[in-house]
Amino acid sequence: MCGILGCAGVDDAASILYEGLERLEYRGYDSAGLAVANGNTLALERVAGRVHQLNIRSLPPATYGIAHTRWATHGPPTKANAHPHQPCDASVAIAHNGIIENHAELRNALETSGHTFTSDTDTEVVAHLLEDTYDGDIVASLDTVKEQLEGTYALLAIHAEEPGVVAATRYRSPLVLGLAEQGNFVASDVVAFRAYTDQVIFLEDGDVARVTRDSYDVTPATPRTIEPQRVDWKLEEATKAGFPHFMLKEIHEQPRSIEEALVGRTNLGTFDIESNDLTLPDLACFDDAVFIACGSSYNAALAASRLFQTHANIATRVELASEYEPLEATAERTLVIAVTQSGETADTLDALRKAQNSGATTLSVTNVVGSTATRQADAWVPIRAGPEISVAATKSFTGQLNVLHLLALHLGHLRRGSSQPKIHEEMEALRHVPTLLRSLLDDTTHLDQIGRWLADHERCFVLGKGQGHAVALESALKIKEISYIHAEGLAAGELKHGPLALIEDGTPVLALAPGGTLMDSMRSSMEEVAARGAHVIALTDTREAFQDSGFETVHAPGEEPSTFPYTATVMGQVIAYYAAIERGTNVDKPRNLAKSVTVE
Ligand code: M6R
């Protein structure tokens, strides 16, 4: 996820773009840049780092330009990879949010025809394509070039020979025009220009727009009336995009972040591994995988490890990074997978080093491109969740699970051949996860009530089975870290081996009870605790099973067992959030915790 902004006809383009970038920084903050035009030359200022490191005084006075704040997905966050990007003749500058899926083949073709690339990004191909197609009208060029692009994009372009014109188009990535007296704007988010106007036009997929000082000219992809509308919120409300907390915003971003994670990865056999020498088929040669991670990332790895066993027939171990000791005897045939949102967790990096010293091959799965974990491991895969500000992991957890799930299916496909119906079915089911999460998040009233009810209790239990066990651990972690209620996640079958002694009248028990093969034994465990007085709440994706059970029940959308871990996770997050709200804790910054734990 990145933030992009363009403006036309303003008094001081560099300052206005800079100010807009600061407001967009929540969308990405590993590098930033802007391009403004003065006469017939484009001037760029880019930096690997935060927006405040940009030196806009180095730029000439200008009335139009484009800007970008980046959350890297292809290529580390270096100055060369920061946007805007330019082609060989520097005639164009472009800013992009999204992922150009077919960038490798486009790049090959462009290099063959003599273009020289200066970055590792997927985006740069667009600049060179614009250079090739330009015929006096940057908007027409962008319209032509977009037909060659596969993937997702919001694109802004300016051309040195067309003063005052910003060209824009989008596909599955947001873009909105802002119409102000001081000039016109186009950005990935209204917040970028809300200080100047409340009049906006949301672009649709395939629309192309020409933005100038006095006009905005939108060519709609499908016929419709283009009319400005008014946004009814004030700038002060917008730092969290209108949500009261980053955590709630990030919970609601999950349909989108999972969509991003799926781009380019749902066709079996096609899954990008970032590495100089390792490929997906190389990874498929390992018979053993050891996951190393901490906290939520550990829970994601635990859930994923079963998928590696089931689909890829790979033997797995999941280790808390702080407890990890490599087995040197098996190191050569072991793939060690470090799962870490930040890519900077000291315990995980230390375990990664130990794995490498033992001779194992290593892969990092992370949200932060350019982090130590991406540089240290032999290969890495980004989860593309966008910046996560709240200390509690939410969209990074579902992103990790999703990417590991996809990887397990791809490895299974390579190791076991294409005639595995289960792998195809599961891939199909994954495509529906964003829609299911959207529908779940449409109405969270019941989950809100449960969270507030839970707030009156000092302890609770979350039960799960199979992958649900890992989700139960994650839900309990969410509840304890932000509401300070003592929550314990349990494998349901373990109850009778000890924890049942803690159940008494009114003890809250959340039971993750998907339909399918696990239902009967989950139900027995629920009866067991109910018989001892527990207040059992079933979180389930099947309506029938609990109709006359007497258990309080929340239904999640979806019928495939493989989608339940995602919907169940989100239900747990929402319950934890409202329990914390009711208790009045500091949701985004819980006591004693930090987002990135860089000490052992
Ligand atoms: O950045 P990492 O994923 O390596 O962080 C590991 C844990 O510190 C982290 O997952 C932590 O448990 C969560 N923030 C809790 O919500």
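Each ligand, and each atom within it, is numbered from 1 in the order the structure gives. Note: hydrogens, waters and symmetry copies are ignored here, and every other heavy atom, side chains too, is used. The shown structure was predicted, so the numbers you read here are calculated from the model rather than taken from an experiment. The first residue of the sequence shown is numbered 1, and numbering continues consecutively from there.
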If we only count N/O pairs under 3.5 Å, is [X] in contact with ligand 1?
X      : answer
Ser296 : yes
Ala392 : no
Val391 : yes

**Prompt:** Can a cation-pi geometry be assigned to Arg172 and Tyr153, taking NZ or CZ under 6.0 Å from the six-membered ring centre and within 45° of the ring axis?
**Reply:** no
**Prompt:** Centre of Tyr578's six-membered ring, under 6.0 Å away, within 45 degrees of the axis: is that where NZ or CZ of Arg452 sits?
**Reply:** no
**Asked** So between Cys294, Gly295, Ser371, whose heavy atom ends up nearest atom 6 (C) of ligand 1?
**Response** Cys294
**Request:** Write out all pairs satisfying ring pair (Phe, Tyr, Trp, His ring centres under 6.0 Å) with one or both partners inside residues 275-310, taking only residues at least two apart or from two chains.
**Result:** Phe291-Phe308
Atom indices of ligand 1, in the order listed, that fall short of 4.0 Å to a heavy atom of [X]:
X      : answer
Gln341 : 1 (O), 2 (P), 3 (O), 4 (O)
Ser297 : 2 (P), 3 (O), 10 (O)
Glu481 : 15 (C), 16 (O)

**Fill in**
The side-chain contact (heavy atoms from CB on, under 4.5 Å) partners of Glu494 (sequence neighbours excluded) come to Ala491, His497
**Item:** Residues, nucleotides or ligands: over 12 heavy atoms within 6.0 Å of Lys589 NZ
**Value:** no
**Request:** List the steps and the verdict of salt bridge (Lys or Arg N to Asp or Glu O under 4.0 Å) for Lys395 and Glu250.
**Result:** CA-CA 6 Å; Lys395 60 179 180 167; Glu250 286 157 8; 5.3 Å; no
**Side chain, backbone, both or neither: Lys478 near ligand 1, heavy atoms under 4.0 Å** = side chain
